[in-house]
There are 2 protein chains.
Amino acid sequence: MTGRSLEEYTAPVEDYLKVIYEIERASGAAATTDIASRLAIAPASVSGMVRRLADQGLVDHERYHGVRLTDEGRRVALRMLRRHRVIEAYLTRALGYEWDRVHDEAERLEHAASDELIDRMEAAIGAPGVDPHGAPIPTREGQIDERELVSLAELEPRQMGRVVRVSDDDASRLRYLGELGLVPGARVTMLDRAPFGGPIRLRVRKAECAIGPQLAGSVWVEVAE
Amino acid sequence: MTGRSLEEYTAPVEDYLKVIYEIERASGAAATTDIASRLAIAPASVSGMVRRLADQGLVDHERYHGVRLTDEGRRVALRMLRRHRVIEAYLTRALGYEWDRVHDEAERLEHAASDELIDRMEAAIGAPGVDPHGAPIPTREGQIDERELVSLAELEPRQMGRVVRVSDDDASRLRYLGELGLVPGARVTMLDRAPFGGPIRLRVRKAECAIGPQLAGSVWVEVAE
DNA sequence: AAGCTAAGTTAGGTTGGCCTAAATCATATG
DNA sequence: CATATGATTTAGGCCAACCTAACTTAGCTT
Ligand SMILES: [Mn+2]
Ligand SMILES: [Mn+2]
Ligand SMILES: [Mn+2]
Ligand SMILES: [Mn+2]
């Protein structure tokens with residue numbers, strides 16, 4: 001009736017679940033310090049919140065060994081990822097936002113929008129399936145395309161791939177990637193890599209460029225044969 | 001840079017300022033109990049918040065005699081009214097919402113949207129000037145059309161008018177008004193009124209109807225000669 | 001003028017979410 | 001296998017925003 005359905009979690013709880021989901025997918029259980037650094041919060045505060053999340057049945061906590069989402073926690077996390085990504089996609093496609101300006105806006109709106117609004121936004125832009133940074137949008141039912149991708153940092157010389165997705169949490173990095181043409185859909189060839197964390201040279205759409213391993217780690221590709 | 005500009009008030013503070021603005025416009029100073037009933041909050045809680053608002057320079061409080069907005073408080077209140085109404089207008093015009101579903105959604109989104117988003121929404125629907133319920137939308141600079149209106153309850157028999165605005169805070173009332181044709185723009189003639197709070201008979205677009213004085217008080221018209 | 005009543009404030013409590021500083025734990029390594 | 005180190009939790013605070021219960025004030029009304 002209100003549009004928000006029964007569940008009522010606070011915005012901080014929703015943000016914690018999102019980052020726990022992402023850490024868990026990358027590294028098994030989510031460690032306190034990982035959560036803390038992702039949220040820019042003191043580790044002690046995370047310990048406190050983890051207790052509350054466990055009390056609410058959203059995570060399982062093994063003391064000193066990190067947390068894992070329960071089924072309910074995962075459901076909420078996927079719901080938030082859907083909201084975040086639908087909003088990002090809507091802002092770029094319907095309201096003319098650049099891809100580097102949508103993340104912060106979505107980070108707040110995701111907690112305020114009703115399910116109905118999310119569904120209407122998704123429909124209004126033709127249900128694109130991915131957000132502006134290539135991240136898959138979960139369905140209303142929580143289905144998501146979880147396929148594993150390879151980052152540019154892992155590519156071998158002469159390997160070719162197509163950019164599928166980039167990290168979206170740093171606006172200036174997004175702008176730089178945009179300048180280089182490293183956007184979803186772009187074809188890339190890894191040329192060579194200097195040792196000891198040196199630059200990685202790439203061919204992107206007939207241009208060449210060299211990027212550091214850290215930046216390369218935030219661009220994921222589908223390897224082509 | 002973040003899109004939210006320097007000011008950072010909490011959502012409750014923003015909601016208090018909005019209702020204080022509206023009460024003050026209708027009845028001079030805003031009394032504690034008026035604020036409390038509009039926000040569905042205990043009067044004691046309002047006393048506490050009023051102190052915080054006064055500490056922040058948003059209201060002047062004369063003990064036992066209500067609060068008035070300071071210039072800064074009024075600025076913030078008008079900014080919130082703008083946000084609320086732009087969002088309502090956008091939801092109906094761009095996303096197909098009915099006029100009875102937009103208020104609750106706007107009540108939350110108004111605290112989360114950046115100024116940029118509000119401006120983009122307004123531009124996307126052609127800056128209509130009023131929200132779906134006929135309420136004027138303040139400009140970015142805080143200008144608002146403050147003209148006084150007459151409610152249907154104050155009309156004399158045989159007087160004619162055009163509906164300009166209706167109260168938007170009760171969805172079922174909005175639906176009923178919609179059924180009766182009492183929507184902004186509709187021409188109305190007051191036929192007669194029964195004494196002792198009895199029904200008010202109206203002609204609305206060639207149909208006739210009778211409504212109670214309370215409902216009549218939530219429809220404002222511009223009187224025609 | 002005294003007293004009643006409604007409005008308003010104060011006192012004291014709760015909850016969520018953050019903090020710093022001080023323990024405590026797990027574990028790798030010498 | 002003892003210990004140093006880093007990760008984690010606990011202890012103790014703070015602040016916003018709510019609550020109920022008890023008290024105080026303003027403004028009549030008799
Ligand atoms: Mn968020
Ligand atoms: Mn994204
Ligand atoms: Mn609100
Ligand atoms: Mn409205």
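Every value quoted in this text rests on a predicted model; they were computed, and no experiment measured them. Proteins come first, then strands; the chains are lettered A, B, ... in the order of their sequence lines, and each starts at number 1.
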J.: If you take all heavy atoms of A:Ala216 and A:Ile200, which pair is closest and at what distance?
T.: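 A:Ala216 and A:Ile200 have their closest heavy atoms at CB-CD1, 3.7 Å.
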J.: Charged N to carboxylate O under 4.0 angstrom, A:Glu72 versus A:Arg75?
T.: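 Yes, charged N to carboxylate O under 4.0 Å.
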J.: Using five base pairs at each end, measure the axis-to-axis angle across the helix from C:dA1-D:dT30 to C:dG30-D:dC1 and round it to 10 degrees.
T.: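 It works out to 20° between the end axes.
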J.: Strictly below 4.0 Å, N to O, side chains only: are B:Glu62 and B:Arg68 in salt-bridge contact?
T.: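 The answer is no: the pair does not qualify as a salt bridge.
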J.: Specify the separation, in whole Å, of atom CG of B:Asp34 and atom P of C:dA6.
T.: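 Computing the B:Asp34:CG to C:dA6:P distance gives 16 Å.
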J.: Looking only at atom types and distance, does a side-chain atom of B:Arg85 sit under 3.5 Å from a main-chain N or O of B:Ile137, one as donor and one as acceptor?
T.: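 Flag not set: sc B:Arg85 to bb B:Ile137 has no pair under 3.5 Å.
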J.: Identify, residue by residue, the members of residues 55-70 of chain A with a heavy atom below 4.0 Å from DNA chain D, and return them in order of residue number, or none.
T.: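 Within residues 55-70 of chain A, the residues near DNA chain D are A:His61, A:Arg63, A:Tyr64.
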J.: Nearest of D:dC18, C:dT10, D:dT8 to any side-chain atom of B:Arg51?
T.: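 Of D:dC18, C:dT10, D:dT8, C:dT10 is nearest to the side chain of B:Arg51.
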J.: So which nucleotide from C:dT20, C:dA7, D:dA7 ends up closest to the side chain of A:Ala42?
T.: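 Ranking C:dT20, C:dA7, D:dA7 by closest atom to the A:Ala42 side chain puts C:dT20 first.
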J.: For DNA chain D, which residues in residues 22-31 of chain A have a heavy atom at a distance below 4.0 Å?
T.: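 Within this stretch, A:Ala31 sit under 4.0 Å of the strand.
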J.: Salt-bridge test for B:Glu22 and B:Arg38: reply yes if a basic N is under 4.0 Å from a carboxylate O, no otherwise.
T.: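 Salt bridge between B:Glu22 and B:Arg38, a charged N being under 4.0 Å from a carboxylate O: yes.
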J.: Would you call A:Arg82 and A:Asp119 a salt bridge, using N to O less than 4.0 angstrom?
T.: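 Salt bridge flag = yes for A:Asp119 with A:Arg82.
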J.: Charged N to carboxylate O under 4.0 angstrom, B:Arg74 versus B:Glu24?
T.: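 Salt bridge between B:Arg74 and B:Glu24, a charged N being under 4.0 Å from a carboxylate O: yes.
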J.: Inspect the contact between A:Lys18 and A:Asp15 and indicate whether a charged nitrogen and a carboxylate oxygen are less than 4.0 angstrom apart.
T.: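 Yes, charged N to carboxylate O under 4.0 Å.
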J.: May I have the distance from B:Tyr9 (atom OH) to D:dA17 (atom C1'), rounded to whole angstrom?
T.: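 Roughly 18 Å, once rounded to whole Å.
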J.: The side chain of B:Val13 lies closest to which of these nucleotides: C:dA7, D:dA17, C:dG16?
T.: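 Nucleotide nearest to B:Val13's side chain: D:dA17.
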J.: Provide, to the nearest angstrom, the distance between the CG atom belonging to A:Leu39 and the C1' atom belonging to C:dC19.
T.: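 The distance from CG of A:Leu39 to C1' of C:dC19 comes to 15 Å, rounded to the nearest Å.
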J.: Take atom CG of B:Leu17 and atom P of D:dA16, then tell me their distance rounded to the nearest Å.
T.: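 Atom CG in B:Leu17 sits about 15 Å away from atom P in D:dA16.
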J.: Starting at atom CD1 of A:Ile41, determine the distance to atom P of C:dT20, rounded to an integer number of angstrom.
T.: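 Taking atom P of C:dT20 as the reference, CD1 of A:Ile41 is at 12 Å.
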J.: For B:His111 and D:dA16, what is the distance between atoms NE2 and P respectively, to the nearest whole Å?
T.: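 Atom NE2 in B:His111 sits about 18 Å away from atom P in D:dA16.
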J.: Compare side-chain N and O positions of B:Thr33 against OP1 and OP2 of C:dA6 and report whether any pair is under 4.0 Å apart.
T.: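 No, no such contact exists.
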J.: Over all heavy atoms of both residues, which pair between A:Ala106 and A:Glu88 is shortest? Give the atoms and the distance, please.
T.: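 Minimum heavy-atom separation between A:Ala106 and A:Glu88: CB-CG, 3.7 Å.
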J.: Between D:dA16, C:dC18, C:dT9, spot the one nearest the side chain of A:Met49, thanks.
T.: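 It is C:dC18.
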J.: I'd like to know if A:Arg83 and A:Asp115 make a salt bridge, using a cut-off of under 4.0 Å between side-chain N and carboxylate O.
T.: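 Looking at A:Arg83 and A:Asp115, the cut-off is met.
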J.: Between B:Arg101 and B:Glu105, does any NZ, NE, NH1 or NH2 come within less than 4.0 Å of an OD or OE carboxylate oxygen?
T.: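 So B:Glu105 does not pair with B:Arg101 through a salt bridge.
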J.: How is A:Pro12 classified with respect to the nucleic acid when contacts are heavy atoms under 4.0 Å: base, sugar-phosphate, or nothing?
T.: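 Counting heavy atoms under 4.0 Å across all strands, the contact made by A:Pro12 is with sugar-phosphate only.
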J.: Looking only at atom types and distance, does a side-chain atom of A:Ser151 sit under 3.5 Å from a main-chain N or O of A:Val219, one as donor and one as acceptor?
T.: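 Looks like no, no N/O pair under 3.5 Å.
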J.: Using whole Å, what does the distance between atom P of nucleotide D:dT9 and atom CD1 of A:Ile35 come to?
T.: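 So the two atoms are 9 Å apart, to the nearest Å.
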J.: From the options D:dT10, D:dA17, D:dA21, select the nucleotide whose nearest atom is closest to the side chain of A:Ala44.
T.: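 The answer is D:dT10, which lies nearest to the side chain.
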J.: C:dC18, OP1 or OP2 - any side-chain N/O from A:Tyr16 closer than 4.0 Å?
T.: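 Yes, A:Tyr16 has a side-chain N/O under 4.0 Å of OP1/OP2 on C:dC18.
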J.: Just the rounded figure in Å: distance from P of C:dT9 to CG of B:Leu53.
T.: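 That distance rounds to 12 Å.
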J.: Nearest to the side chain of B:Ser47, which nucleotide is it out of D:dC19, C:dT10, C:dG17?
T.: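 Among the listed nucleotides, the one closest to the side chain of B:Ser47 is C:dT10.
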J.: Within this structure, what is the CZ-CD1 distance for the pair B:Arg79 and B:Ile118, rounded to the nearest 0.5 Å?
T.: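 If we round to the nearest 0.5 Å, B:Arg79:CZ and B:Ile118:CD1 are 8.5 Å apart.
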J.: Just to be sure I understand the rule, does A:Ser45 reach a base, reach only the sugar-phosphate, or reach nothing, if contact means heavy atoms closer than 4.0 Å?
T.: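 Base: the residue A:Ser45, judged by heavy atoms under 4.0 Å, touches a nucleobase.
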